[in-house]
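Below: one structure, written as structure tokens.
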Amino acid sequence: MARYLGIEVTDTTIKGAVLKTAYKKLIIESMFAVYRTPGAEGLTQAARDLAGLVQMAAQSAAPGKKAEELDGIYAALPGNEASLRVISLPRVVWRRGDKALQAELEGNVPFDIDDAMVDAQVIRAGDPVELLAAAALTTRVESFVKALVDGGLDPREVGVGPVALGELALEIPQLAAPGPVLLVYAHERRADLVVLTDGVVRFARTLNALTTPAARERGLRQSLAAHIAAGGAAPVAAYLCGEEANFLAVHVADACGLPAESVAPMPAGAIQVAPTAGETALWEAPIAVALAARGLARSKRLDFRKGALAVTGSAQVFRERAPYFIAASLAIVCFWGLATWARYKSLVAERDRLAETLANVTQNVFGERVTDPDRAASLARGERGAEVVDPMPPADAYDVLGVLSTRITDDIRHDVEQLDIRGEHVQLQGVVNTLQDRDHVVEALGRYECFSAVRPGRATTN
């Protein structure tokens with residue numbers, strides 16, 4: 001379970017929404033609104049007060065326990081402090097990063113591009129790539145981040161208010177419809193409006209000074225005309241949120257050319273609201289809720305925390321996510337153990353089956369059940385052990401002839417007249433020149449280890 005804080009900043013208030021994630025659930029745990037004075041000091045003080053309220057709410061939710069740390073903080077610049085443009089760039093140029101964006105936006109923003117930070121998110125992939133680009137003064141972004149950090153709230157990302165509002169389409173299916181959908185957030189005499197197609201932000205703008213019905217209608221008509229002039233289609237449905245949404249319902253229907261029933265309050269989708277947050281928390285601070293939901297998504301989106309302002313506390317982020325890493329590691333080890341055990345059982349069953357097959361085959365062939373593969377291989381080669389008598393003699397008559405031919409030396413002239421080989425007895429009769437030659441033959445054969453007893457026979461001299 002994770003908890004994320006989204007921070008929405010306006011000229012007079014700073015709103016914070018704590019979003020708690022559970023299995024297939026998103027719950028707005030609490031929502032706070034703190035009034036602020038103009039300037040960086042007022043924002044710092046308001047951020048400090050908001051941080052205190054979030055801490056108190058966490059402690060009251062679990063009395064006697066240590067308050068859980070937030071898993072991430074996300075904020076957004078007000079829409080009137082950033083310039084938004086839809087541009088197209090070749091894919092190769094888009095890969096070059098901020099330099100290509102600065103070159104494309106130069107002359108199209110109301111300030112010097114060299115003094116600005118730029119970023120973009122993809123509207124339509126392909127070649128060329130269609131992008132929603134944003135630019136904001138570097139000094140303004142730096143002072144905004146510094147004020148929040150000094151107040152105890154260090155955001156991981158800094159987006160743009162109306163663009164972040166469109167990210168609610170990830171959690172609200174009605175906003176991700178195929179046809180263009182208009183979402184309007186009316187508050188403090190201003191309106192953040194965004195046009196989405198298939199859940200992708202195609203157009204975003206912030207309207208100020210909506211103090212009269214004429215101003216509201218004019219601002220809406222001009223904004224929708226700019227969207228259509230850029231190649232967009234007219235919205236087929238509109239949703240409203242914010243404490244001043246009722247004042248814009250009629251003007252939205254007229255500007256879009258929609259029947260009154262096509263303009264409805266923004267649905268909650270998969271987002272649930274806890275009793276501690278209040279029933280209208282989602283509609284009173286939708287940008288804060290959308291920013292808090294950034295902790296769940298990992299897609300590329302507008303973020304001005306880059307360069308010198310990039311988040312460097314990766315070790316802190318790792319420590320915050322350490323319990324999740326440990327849980328994931330344990331789950332991996334557990335599943336690995338189960339898979340290994342299942343594989344082992346499968347191999348054991350296969351071994352037993354093969355052993356039984358080997359036993360049956362050896363029983364049929366050798367009359368003996370053998371389950372040892374080495375023993376079975378020995379039996380197949382005829383190596384049946386010492387208890388089995390080999391019918392083949394260890395030596396035959398040819399071996400005897402070989403011994404006789406090698407033991408009787410060449411210097412002894414002899415003629416073999418009779419050679420009788422029977423069992424373990426050999427009888428040899430022949431003619432030699434002298435009795436000494438006969439004795440030499442007897443002596444030579446006696447030195448052979450297999451001839452245990454060599455006896456000279458009766459000699460006849462002629």
Side-chain angles (χ1 to χ4, degrees), residues 3-20 26-58 70 72-82 144-145 147-168 171-172 183-194 204 206-208 210 240-245 265-266 268 271-295:
R3 297 167 67 246
Y4 301 99
L5 173 63
I7 302 174
E8 174 188 342
V9 178
T10 66
D11 293 339
T12 60
T13 60
I14 175 172
K15 299 178 182 180
V18 178
L19 190 67
K20 181 173 65 175
L26 293 177
I27 304 172
I28 302 176
E29 187 179 68
S30 54
M31 197 277 287
F32 310 96
V34 178
Y35 290 98
R36 53 163 293 208
T37 58
E41 293 182 0
L43 180 57
T44 299
Q45 183 59 45
R48 188 176 294 113
D49 295 340
L50 177 61
L53 292 173
V54 172
Q55 185 69 14
M56 290 175 57
L70 293 171
I73 301 175
Y74 303 87
L77 285 171
N80 57 347
E81 296 188 10
F144 180 82
V145 173
L148 292 178
V149 173
D150 292 344
L153 301 174
D154 188 2
R156 292 183 185 173
E157 297 181 11
V158 174
V160 179
V163 181
L165 179 66
E167 296 174 11
L168 286 174
E171 314 301 337
I172 303 176
L183 177 59
V184 180
Y185 171 38
H187 60 106
E188 299 180 8
R189 297 185 300 277
R190 69 172 59 188
D192 293 310
L193 58 91
V194 57
T206 297
L207 304 178
N208 295 315
L210 302 182
L240 304 179
C241 58
E243 59 267 20
E244 299 180 6
M266 182 184 69
I271 302 175
Q272 302 178 16
V273 182
T276 54
E279 296 180 356
T280 59
L282 174 61
W283 292 270
E284 292 179 1
I287 292 179
V289 175
L291 289 168
R294 280 193 168 196

Using 0.5 Å steps for rounding, measure from the NE2 atom of His187 to the CG atom of Leu210.
10.0 Å

Once salt bridge (Lys or Arg N to Asp or Glu O under 4.0 Å) is applied, do any residues pair with Glu157, and if so which ones, sequence neighbours excluded?
Arg294, Arg301

Flag, side chain of Thr276 to backbone of Glu29, donor-acceptor distance under 3.5 Å:
yes

How would you list, by chain and number, every residue that makes a side chain to side chain donor-acceptor pair (under 3.5 Å) with Glu284, sequence neighbours excluded?
Thr280

Give me the atom names and distance for the closest heavy-atom approach of Gly161 to Ile287.
O-CD1, 3.6 Å

If you look at every heavy atom in Gly278 and Val273, which pair is closest and at what distance?
O-CG1, 2.8 Å

Measuring from atom OH of Tyr74 to atom CG of Leu5, what distance do you get when rounded to the nearest 0.5 angstrom?
10.5 Å

Considering non-hydrogen atoms only, spot the tightest contact between Glu8 and Ala285 and give its length.
OE1-CA, 3.7 Å

How close do Ala47 and Ala147 get, heavy atom to heavy atom, and via which atoms?
CB-O, 4.4 Å

Salt bridge (charged side-chain N to carboxylate O under 4.0 Å, His left out): pairs with one or both residues in residues 183-192, sequence neighbours excluded
Asp11-Arg190

Quick one: closest heavy-atom pair of Ile14 and Ala46, and the distance?
CG2-CB, 3.3 Å

Rounded to the nearest 0.5 Å, how far does CG of Leu165 lie from CG of Leu193?
9.0 Å

Separation between CG (Asp150) and CZ (Arg48), nearest 0.5 Å, reads 7.5 Å

May I have the step-by-step check of side chain to side chain contact (heavy atoms under 4.5 Å, CB included) for Asp154 and Ile73, ending in yes or no?
CA-CA 7 Å; Asp154 188 2; Ile73 301 175; 5.6 Å; no

Taking atom CG of Leu43 and atom OG1 of Thr37, what is their separation to the nearest 0.5 Å?
9.0 Å

List the atom of Val194, the atom of Pro162, and the distance in Å for their closest heavy-atom pair.
CB-O, 3.9 Å

Rounded to the nearest 0.5 Å, how far apart are OG1 of Thr206 and CG of Asn80?
6.0 Å

Any side-chain heavy-atom pair from Leu168 and Pro286 closer than 4.5 angstrom?
yes

